[in-house]
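Single-structure report; data block below.
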Amino acid sequence: MNAMKRMSAAVLCTVLMLALVLSGCSGKSGDSKAAGDTAGGKTKITVWIWEDAKNVIDLNMPEFKKQYPNIDVDLHVLAQSDVYQNFLIAASSGDQLPDVVNLESLRLSQMIETGGLLDISDKVAPYKDKMNAYKWADATKDGKIYAMPWDSGPVVMFYRNDLFKQAGLPYKPEDVSAELKTWDDYMKFAKQLKEKTGVAMLAESKSQTDGVFFQQMLWQRDLWMFGKDGSVQLDNPEVIKTAQYFVDLVKNGYVYEVKPWSDAWYSSFQQNKEATIVGASWYEGLLPTLIDPDASGKWSVVPMPKWSADDKYSSAIDGGASLAINKNSKHPEEAWKFIEFMLGKEESQLKMMKEGGLFPSLETTYNDDAFKEKVPYFNDQPIRTLYIDAVKNVAPITYTKDYPLGNELITNAFAEVFLDNKSVESVFKKAADELRQKTGRK
Amino acid sequence: MQNFYWRWQFKTAPYRFIAPFFILFMVFVFLPFVFSIYLSFTNWHGEEVKTFVGLANYKTLLTNREFWQSLLNSIFIFLLYVPVMLLLALIFASCLSSSWMKWTGFFRTVFFIPNITSVVAISFVFLLIFNSTGILNQVLMNAGFIHEPIPFLETPWWARISVSLLVIFRWTGYNMILLLGGMQSISRSLYEAAEVDGASGIKSFWYITLPLMKRLLAFCTVLSTLGTFSLFTEPFILTKGGPNLSTTTPVVLIYKESFQNLNMGYASTISIFFFMVMMILSLLQLRLFLDND
């Protein structure tokens, strides 16, 4: 008898062990069944989102709860890279969670490619003409739309008016925008700035550039690492010329060498090492808080310089995000209500801009007075009107699913130019070949 | 009846005790491994359909410079840090085992702490130290040793050296403990005899400690070989594998192909091939061991 007991205890232990192990790998779907069920008429949707984005969504949550008391929203915060990795697992295992996922434009095509997102072409149809046109390109595959645009990152030029003044350069926004129209002008400004004050025009890294400065120039010129027909364009002569411009800027000594977003990069602003940032609208939120909090009144904004004054497009895009629905979600309708409320509603988008600094992709908001507001940190300059001009003059470029790879090859190409003293042409030709080989593109 | 159960239980008990390990091993190691062998013959970017491509991925792997570069990087990093690390570990271990040393328990702990501290935390601290305006450059510049900041993370060789320094910091203590164990098993009488014969401390270290430690040092080297090739967190946080692939180890490459480029099939190919290289290397080293005996 005793032995029987002991044996059943052993069996029980083994079963428990097994249960533990198995629940370890299927925990998520188990949760979703329990949580996703409509308890007492309430539906719970889960949103995978990163921290900054959640803070902005939170601004609109009280209103959302008022309008949809029956939808519970669980904003599940993940590190940005974890959102992609976990969603990849969720998509390939047909998981019901999350219902909604937050995706950056530059990873969106990749995620659509996995087939894990819901086709929402019908749902977004009313918004087709109201959003920045370029945002739809990355959300579309084979004529179907898989994501709703959230915010855009039109590129402008932020500059230090005090340093420009010291160097004897024009420093008022209207004067600067009149005299600094092209990248050639930018080079001239850089020269005078360097000679008079010793300050660099911008901060970038030779061997570890994030490629953004160069890619913004490409975008503005309606060039990209891939052509409209999908072919690799890194060895296009115009792309090589653009790369050469960046290399010249560095070799002339107009660039303070530091890795973007590194600790030294942040502190370089307080040490007055560089005078401009050619960057997206979201710098407006970062400059007064993280990058240069003590420099109120010293920064001004002008449009991005152009390659040549009569170019068709005048600006570029860096960043921006979208929201999408999981194909296997049990509550696609509720998920869409959430997305529509947050991104399709003008009041929500305006609130996220005013208090969260995200520039909306929703063009119907652009007439609001909030865009004409003077911003104290920027010397009371009404800088947001510049973003509107910029975003309306952006070439319709798509990041495509091979962007992360292309971006890495560009970083390595510049490293080779600067470290091994090779010619831009040879290095970019090599990078283009590698990109062709790895992606199977022409 | 009772007798039968008792015998059945007696015979199977050992297997049931080790079963949890094997269940976990099957689910989390062996099955994923088999699955990745299958993946290595497919072209898969995370979508539902996996296209079978045969040996195409292996062909790409053998002709692509990245993989060979990553193996070469590991060899460079290995050569940079293993001799220094083992020398330091040997010096510390012989200090700690000598009779004049005080507070040995305290020092043993101190040297071992880096090894059990979160590697991510350590890597971020080193990132701050190695920054172009970081504390190391500031100290060296203020002391007048250098005039321009050292590009610790910006040029290929300095980046490799920086990664090596981080590895030395993390693993010297561990190797020291291994060597310490070895030293303490050397009989005191050998040293006493040497002292009677008039040998100095350094001489007895050279002629007694070192020869008797040979095997253990070889063992530490073997462990470091495997460790170097599968180095991931340190280079990933410090340099993201750059500049220009100079600190990309095979595992960093696998991570990039799978989670950055979503080339799951090709990433699996790299890991299977890498597994085979490691296995051959380990077998060779084991063989050397046996021969030395």
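Chain A is the first sequence line, chain B the second, and so forth, proteins listed ahead of strands; every chain is numbered from 1. Owing to the predicted nature of the structure, the values given are computational and were not obtained by experimental measurement.
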In terms of heavy-atom pairs under 4.5 Å with chain B, the winner among A/Gln271, A/Lys438, A/Glu113, A/Glu257 is A/Lys438
| NZ/A/Lys144: more than 12 non-hydrogen atoms of other groups inside 6.0 Å | no
*asked:* Does B/Leu226 have more than 12 heavy atoms from other residues, nucleotides or ligands lying within 6.0 Å of its CG?
replied: yes
For A/Leu419 and B/Glu154 the tightest heavy-atom approach is CD2-O, 3.9 Å
| task | Kindly indicate whether the side chain of A/Leu88, heavy atoms from C-beta on, has any atom under 4.5 Å from the side chain of B/Leu262. | result | yes
Of A/Ser268, A/Pro404, A/Ala415, the largest count of non-hydrogen pairs under 4.5 angstrom with chain B goes to A/Pro404
>> Quick check: do A/Gln110 and B/His45 have side-chain heavy atoms less than 4.5 Å from each other?
In response: no
Can you tell me if B/Phe21 has over 12 outside heavy atoms packed within less than 6.0 Å of its CZ? yes
Side chain of A/Glu408, backbone of B/Gln260: donor and acceptor closer than 3.5 Å? no
Separation between CG (B/Leu245) and CD (A/Glu416), nearest 0.5 Å, reads 9.0 Å
Shortest non-hydrogen pair, A/Ala264 vs B/Thr133, comes out as CB-OG1, 3.3 Å
*Kindly indicate whether the side chain of B/Asn131, heavy atoms from C-beta on, has any atom under 4.5 Å from the side chain of A/Ser262.*
yes
Okay, A/Thr411 and chain B: the region with an atom under 4.5 Å from a heavy atom over there is neither
Bottom line for A/Gln208: the part with an atom under 4.5 Å from chain B's heavy atoms is side chain
Greatest number of non-hydrogen atom pairs under 4.5 angstrom with chain B, of A/Lys206, A/Lys401, A/Met111, A/Arg107, falls to A/Arg107
Rounded to the nearest 0.5 angstrom, the OG-OH distance for B/Ser132 and A/Tyr256 is 5.5 Å
Rounded to the nearest 0.5 angstrom, the CG-CG distance for A/Asp263 and B/Leu128 is 5.0 Å
Does CZ belonging to B/Phe124 count more than 12 external heavy atoms closer than 6.0 Å? no
With side chains defined as the heavy atoms from C-beta onward, is the minimum distance between A/Gln437 and B/Thr60 less than 4.5 Å? yes
Okay, A/Lys327 and chain B: the region with an atom under 4.5 Å from a heavy atom over there is side chain
Minimal heavy-atom distance between B/Phe259 and A/Gln85, with the atoms involved, is CD2-CG, 3.3 Å
